[in-house]
Amino acid sequence: ENEHRELHVKNGENRIHNFIECELYKDNEKIGDFKSIREACKFAEIRYGISYSQLSKKKDYKGFKIVKKGVTTIPKGSRVE
């Protein structure tokens, strides 16, 4: 596996990360747009005390709902919170 990875790096290829842009709703009212599902779940956890893992897994949990918008591709090394 490591040799295979090293070959790709030598050829100038880098891993990329795909982030799913989404909207977060609370009781059917939109509360924000987010760059990733992780970012939306983290926001709901901090702001409203909702379980990050349950919202991330179910996408519809205790009145909160994540609606996917599209995929953004970001090169490895870039940071999206």
Side-chain angles (χ1 to χ4, degrees):
E1 176 67 28
N2 285 339
E3 290 176 6
H4 183 74
R5 168 87 176 107
E6 288 173 14
L7 177 64
H8 285 280
V9 171
K10 284 180 185 176
N11 290 329
E13 299 172 13
N14 290 316
R15 291 184 181 174
I16 57 172
H17 294 287
N18 290 324
F19 294 91
I20 300 172
E21 294 180 14
C22 63
E23 299 170 334
L24 179 63
Y25 290 83
K26 179 180 184 243
D27 299 324
N28 294 320
E29 185 176 322
K30 184 177 173 181
I31 56 175
D33 293 302
F34 297 88
K35 295 176 189 171
S36 66
I37 291 173
R38 179 187 184 282
E39 182 184 53
C41 292
K42 199 68 176 162
F43 176 84
E45 179 184 50
I46 292 168
R47 186 81 174 266
Y48 299 100
I50 293 300
S51 169
Y52 173 95
S53 60
Q54 290 298 313
L55 183 58
S56 178
K57 179 180 178 181
K58 297 180 177 182
K59 311 294 187 276
D60 191 348
Y61 179 70
K62 292 192 175 182
F64 288 83
K65 186 174 186 175
I66 292 177
V67 177
K68 298 175 186 178
K69 290 173 31 176
V71 175
T72 300
T73 301
I74 299 177
K76 185 177 180 186
S78 298
R79 189 162 169 90
V80 173
E81 289 296 325

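Predicted model, so just to flag it, every value in this text is computed and none were measured.
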Spacing of K35 atom NZ and E39 atom CD [to the nearest 0.5 Å]: 6.0 Å
Worked check of side-chain contact (heavy atoms from CB on, under 4.5 Å) between K68 and E21: CA-CA 6 Å; K68 298 175 186 178; E21 294 180 14; over 6 Å; no
Hydrophobic cluster membership, Y25 vs I37, 4.5 Å side-chain cutoff: no
Aromatic ring pairing F64/Y48, orientation class (parallel under 30°, perpendicular over 60°, tilted between): tilted
Least distance between heavy atoms, A40 atom then L24 atom: O-CD2, 3.8 Å
Check ion pair K26-E29 (N to O, under 4.0 angstrom): no
Residue pair Y52 / R38: nearest heavy atoms and the distance that separates them: OH-CG, 3.2 Å
Separation between OG of S51 and NZ of K62, rounded to the nearest 0.5 Å: 8.0 Å
Common cluster, I66/I31, ILVMFWY with side-chain heavy-atom separation under 4.5 Å: yes
Validation row: V67, K59 side chains within 4.5 angstrom (heavy atoms): no
Main-chain N/O of C41 paired with E45 side-chain donor or acceptor, under 3.5 Å: no
Separation between NZ of K65 and CG of N28, rounded to the nearest 0.5 Å: 7.0 Å
